[in-house]
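Working notes, structure below.
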There are 2 protein chains.
Amino acid sequence: MSNEIKPTEGELEILQVLWDKGLCTVREVHEEIAKTKDSGYTTTLKLMQIMHEKGLVERNTSAKTHVYKALVTRKDAQKSALDKILNTVFTGSTADLVIQALGTHRASQSEIEAIKNYLNQFENPEK
Amino acid sequence: MSNEIKPTEGELEILQVLWDKGLCTVREVHEEIAKTKDSGYTTTLKLMQIMHEKGLVERNTSAKTHVYKALVTRKDAQKSALDKILNTVFTGSTADLVIQALGTHRASQSEIEAIKNYLNQFENPEK
DNA sequence: AAATATCTACGATAGATTTCGTATATGCAA
DNA sequence: TTGCATATACGAAATCTATCGTAGATATTT
């Protein structure tokens, strides 16, 4: 039980953009966020500065315009998010979570196949 | 897209107890929470009062000591939690979520069977 | 070079959440 | 019945998060 990645709602929005685009200036992140939400530029800037203090991102300050990069990976965040809801609402049952997920958010046929293939890895390998 | 169940962190802790135990007094909930965290009795009380205002719980006030009951079900909260992480860290891919969940939190053989059976429901029904 | 645009830094505010202290009511025991 | 334990109610502080305005530095344009 080492790392607790717990970005806030606003931080997650920013991480999304960084994950999708890789290296980004504050302006780039802000433009992207402004598509679905309207808040000021300095709001995004401030959040990203705080994320830097927290170690969620790193930045290159050699030029006037700083360039940011996510330090937490999407996978890290996924694992944390899963751990959290598993330990709270799902009382630790992975199977419950999986079945709920498949039940309410219908997967496509190809996704279902992918999952089945994945499961087959665990099919008593040494029979 | 009807209901957004978004209990806070503290509210979730309380809901846990109510889901596990059913009807509870503030004292009972507090004792349980105090096992893993130390905060005062009135803190728990206040939170539960707020949850009552928000409609997350109901309470019987006929006796001096009030008895609380969750109004949100665990399933409601599960659905909300899943929706949320699907739309943020998992970019809408149920398959990614499922595979991640199975990958990091190994399921037992019987759980795997349960999931496979579940998936078979969707096997091209009209061949 | 002067005006304009763009950037970072930073303080301040607003709102939500958590925390607690204190007042007051109620039940129980000596 | 007097005192003690335990409840609820409620206001207020402490924290966190998000938001923005403004100052000052650095480019860019004319």
Side-chain angles (χ1 to χ4, degrees), chain A residues 4-18 21 23-69 72 77 80-81 84 88-89, chain B residues 4-18 21 23-69 72 77 80-81 84 88-89:
Chain A
E4 268 273 302
I5 316 269
K6 225 184 137 323
T8 66
E9 206 66 24
E11 288 168 348
L12 250 181
E13 278 182 293
I14 289 169
L15 284 174
Q16 300 289 351
V17 180
L18 292 176
K21 296 190 183 281
L23 300 180
C24 284
T25 65
V26 174
R27 172 87 27 206
E28 289 170 319
V29 170
H30 179 64
E31 305 274 82
E32 202 55 33
I33 285 180
K35 288 180 183 169
T36 53
K37 184 194 185 185
D38 75 309
S39 69
Y41 170 82
T42 54
T43 299
T44 305
L45 170 63
K46 181 70 163 187
L47 275 185
M48 290 177 75
Q49 287 170 340
I50 291 173
M51 290 169 78
H52 180 248
E53 286 171 17
K54 291 189 187 174
L56 290 172
V57 299
E58 67 182 356
R59 61 183 182 178
N60 182 329
T61 60
S62 60
K64 177 198 175 190
T65 301
H66 301 176
V67 177
Y68 287 75
K69 177 170 173 291
V72 213
S80 271
K84 184 183 154 202
T88 53
V89 284
Chain B
E4 267 273 301
I5 315 269
K6 226 186 136 325
T8 67
E9 206 64 24
E11 287 169 349
L12 249 180
E13 279 182 293
I14 290 168
L15 284 174
Q16 300 287 352
V17 181
L18 292 176
K21 297 189 181 284
L23 300 180
C24 283
T25 64
V26 174
R27 170 95 18 214
E28 287 169 319
V29 170
H30 180 66
E31 305 275 82
E32 201 57 32
I33 284 180
K35 288 180 183 170
T36 54
K37 185 194 185 186
D38 74 311
S39 67
Y41 170 82
T42 55
T43 300
T44 305
L45 169 64
K46 180 70 163 185
L47 274 184
M48 291 177 76
Q49 287 170 340
I50 291 173
M51 290 170 77
H52 180 248
E53 285 171 18
K54 292 189 186 173
L56 291 172
V57 299
E58 68 180 358
R59 60 182 184 179
N60 182 329
T61 60
S62 60
K64 177 198 175 192
T65 302
H66 300 176
V67 177
Y68 286 74
K69 176 170 174 289
V72 215
S80 271
K84 184 182 155 202
T88 56
V89 284

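Just so we're clear, the structure is a prediction, and the values are computed from it rather than from any experiment. Naming convention: chains lettered A, B, ... in sequence-line order (proteins, then strands); numbering from 1 in each chain.
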Problem set entry | Comparing A:Leu47 and A:Lys64 on DNA chain D - which has the more 5′ nearest nucleotide | A:Leu47
For this session: Would you please confirm or rule out a distance under 4.0 Å between OP1 or OP2 of C:dT19 and any side-chain N or O of B:Lys37?
Result: yes
Seminar exercise, completed: Picking from C:dA9, D:dT8, D:dT19, the nucleotide nearest the side-chain atoms of B:Leu45 would be D:dT8
Problem set entry | A:Met48 side chain reached by A:Ile14 side chain, heavy atoms, under 4.5 Å | yes
Exercise. Would you say C:dA5 has OP1 or OP2 under 4.0 Å from some side-chain N or O of A:Arg27?
Worked result: no
Exercise. With a 4.0 Å cut-off on heavy atoms, is A:Thr42 in touch with a base, just the backbone sugar-phosphate, or nothing at all?
Worked result: base
For this session: Calculate the interatomic distance between A:Met51 atom CE and D:dA18 atom P; express it in whole Å.
Result: 10 Å
Exercise. Distance check: side-chain N/O of B:Thr43 vs OP1/OP2 of C:dC20, anything under 4.0 Å?
Worked result: yes
Exercise. Is any side-chain N or O of B:Lys54 closer than 4.0 Å to OP1 or OP2 of C:dT17?
Worked result: yes
Exercise. Could you give the CD-to-P distance, from A:Glu9 to C:dT17, as a whole number of Å?
Worked result: 12 Å
For this session: Work out which heavy atom in A:Lys6 is nearest to a heavy atom in A:Glu11; give both atom names and the distance.
Result: O-OE1, 4.4 Å
Exercise. When we call it a touch if two heavy atoms are under 4.0 Å apart, what does A:Lys6 touch: a base, just sugar-phosphate, or nothing?
Worked result: nothing
Problem set entry | Side chain to side chain, B:Lys35 and B:Glu31, heavy atoms closer than 4.5 Å | no
Exercise. For A:Tyr41 and D:dT19, what is the distance between atoms OH and P respectively, to the nearest whole Å?
Worked result: 16 Å
Exercise. What is the distance from NE2 of A:His30 to C1' of D:dT19, rounded to the nearest Å?
Worked result: 12 Å
For this session: Nearest whole angstrom, please: distance from the C1' of D:dT8 to the CG of B:Asn60.
Result: 14 Å
For this session: Check A:Val26 against A:Tyr68 and note the closest heavy-atom contact, atom names and distance.
Result: CG2-CE1, 3.6 Å
For this session: Can you tell me the distance, in whole Å, between the CG atom of A:Leu15 and the C1' atom of D:dT17?
Result: 15 Å
Exercise. Just checking B:Gln49: base, sugar-phosphate only, or nothing, at a heavy-atom cut-off of under 4.0 Å?
Worked result: base
Problem set entry | Phosphate OP1/OP2 of C:dC7: any A:Arg59 side-chain N/O under 4.0 Å | no
For this session: Report the distance from atom CE of B:Met48 to atom P of C:dT17, rounded to the nearest whole Å.
Result: 18 Å
Exercise. Are B:Lys84 and A:Glu9 close enough that some pair of their side-chain heavy atoms sits under 4.5 Å apart?
Worked result: yes
For this session: Rounded off to whole Å, could you give me the CD-to-P distance for the A:Glu13 and D:dA18 pair?
Result: 9 Å
Problem set entry | Distance test, side-chain N/O of A:Thr8 to OP1/OP2 of D:dA18, below 4.0 Å | yes
